[in-house]
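Letters A, B, ... mirror the listed sequences (proteins, then strands); counts begin at 1.
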Number of protein chains: 2
Amino acid sequence: MGERRESKKRETRQRISDVATELFFARGFDAVTLDEIAAAADVSKMTVFNYFARKEDLMLDRQDDLKLLFFREAIRARPPGQSPIAELRALMGRLREQKHPFVRFDRHAADFWRFVAASPSLEARLRELNDEAAEGLATELAGPTPDGLARLAAGMIVLTVRTARQEAIRVLERGGSVKKASAEFFALIDQGFAAVQGMASSDTRG
Amino acid sequence: MGERRESKKRETRQRISDVATELFFARGFDAVTLDEIAAAADVSKMTVFNYFARKEDLMLDRQDDLKLLFFREAIRARPPGQSPIAELRALMGRLREQKHPFVRFDRHAADFWRFVAASPSLEARLRELNDEAAEGLATELAGPTPDGLARLAAGMIVLTVRTARQEAIRVLERGGSVKKASAEFFALIDQGFAAVQGMASSDTRG
DNA sequence: CCAAGATGTTATACCCGGTCAACATTTCCG
DNA sequence: CGGAAATGTTGACCGGGTATAACATCTTGG
């Protein structure tokens, strides 16, 4: 249904995103206005909002949905008899071995997260995305209408990932090595996931 | 330093708060503008902001700080040898026996929280307050520069309280009794706190 | 190929929360 | 009392976001 049209759309969207990212990193998220972005991308402000519902989405566009996607896939493809939480632990182990970008904490990542931390609105949006991820994970754990325990477990998983990331970044900012940051990340992941597994295992249906 | 001035200030603040609360409950949080509030309280919009930094603070003014205050007191006054988390569990037991308002889930509470849930900005502010509470609790658990594990534990505690509250309200909204809502609340509190206790006990310094 | 409908884009005007720099009022102190 | 300093208050303004409707461009089917 319209190849020409679609490619133009993709191009426009990409241009807006690129221009915005550049401006943001050059001058800070809050210091750049949407009018500037629109002008720099040579579109109207309305068009920007057409592609990105909120200003924050220009930076965090589906950033965190990736996590959830990984988790969902792993849970669905887990071997029979394996509990969802156990499978998530296994997944993290695999990501670690693969040195997957998602669990990689280098200078670049530190820059990105420091940038996010510098903007209250970005942080707020991130909290919102976390909540959405938790809700999604809860339904993955316990079906369309998860009970309180499933919601709590899902929330704890998301919180653990978030906290572990924050601490890994903290290590880097204190001058720690990438290796140390990674170690801190996985140590917290282990402890958090283990706690959730212990909690959820008293109610084994998954 | 100005008695006249101070009493006038308190009066003005109270008037703004009262007027705002009334308008909010009558027509919904997002439907009431700050101009309206200012006009109804017979002050300028800036004066409103002078007393309440954000619109959300007109409803959530220190709502959640109370929790943290309880927690802090209990942790500091705990008997020697008792771990902080264990003390928090004991505190929740005491609040339950006292049928303390903080753990009471009746129609009034359901109304209030439904009201909050209906406003994205109120929910966002609540998430922010939760994060602040977690940070405060972390320093209470582990001193001025808490490590990752303390932050994780604190985050889990706050998350547990929040999730338990949400589920209790959910029970009420499905037509459940106040007793049932309360039972759900404390069941989740128990499971969450126990999980945190198990996690944190491998690192016993508090 | 062209007309008609669908879809993307724009201009404009507006709303609302929040900030800023100046203004008015009160208090303090010589 | 009188002027400086502190403090409360204000109108003007900014930026994100929405609504609406006109405009441009592409697609489809006869």
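Comparing D:dG17, C:dT19, C:dA11 by their closest approach to the side chain of A:M46 singles out C:dA11. Comparing D:dT10, D:dT9, D:dG17 by their closest approach to the side chain of A:E56 singles out D:dG17. Taking only side-chain atoms of B:N50, from C-beta outward, the nucleotide of D:dT20, C:dG17, D:dT9 with the closest atom is D:dT9. You'll find that the side chain of B:K55 is closest to C:dG18, out of D:dT9, D:dT18, C:dG18.
For the residue pair B:T47 / B:S44, a side-chain donor-acceptor distance below 3.5 Å is found, with atom types taken as modelled.
With respect to the salt-bridge test (charged N to carboxylate O, under 4.0 angstrom), the residues A:D57 and A:R125 qualify. The existence of a salt bridge linking B:E173 and B:R170 is excluded, since no basic side-chain nitrogen approaches an acidic carboxylate oxygen closer than 4.0 Å. The pair A:R27-A:E36 meets the salt-bridge criterion, since a charged nitrogen lies less than 4.0 angstrom from a carboxylate oxygen. For B:E73 and B:R78, the salt-bridge test fails: no basic side-chain N is under 4.0 Å from an acidic carboxylate O.
Heavy atoms of A:S121 sit nowhere under 4.0 angstrom from any nucleic acid atom. No contact: B:F52 has no heavy atom under 4.0 Å from any strand.
A:R15 places its CZ atom 16 Å from the P atom of C:dG8, with the value rounded to the nearest Å. Put simply, CZ on B:R125 is 16 Å from P on C:dG17, counting in whole angstrom units. Whole-Å rounding puts the A:E11 CD to C:dT9 C1' distance at 15 Å. As rounded to whole Å, 14 Å separates atom P of C:dC20 from atom NZ of B:K45. Whole-Å rounding puts the B:F49 CZ to C:dC16 P distance at 13 Å. Atom-to-atom, CZ of A:R13 to C1' of C:dT9 comes out at 16 Å; the value is rounded to the nearest Å.
Evaluated for a side-chain contact (heavy atoms from CB on, under 4.5 Å) with A:V171, the options A:E184, A:Q166, A:K179 yield exactly one hit, A:E184.
In this model, the phosphate group of C:dT9 is approached by a side-chain N or O of A:Y51 to a distance below 4.0 Å at OP1 or OP2. Side-chain N/O atoms of B:T12 include none lying less than 4.0 angstrom from OP1 or OP2 on D:dG8.
Against DNA chain C, the stretch residues 22-44 of chain A makes heavy-atom approaches under 4.0 Å through A:D42, A:V43, A:S44.
Two residues are said to be in side-chain contact when any heavy atoms from C-beta on lie closer than 4.5 Å; B:L95 and B:Q98 meet this criterion.
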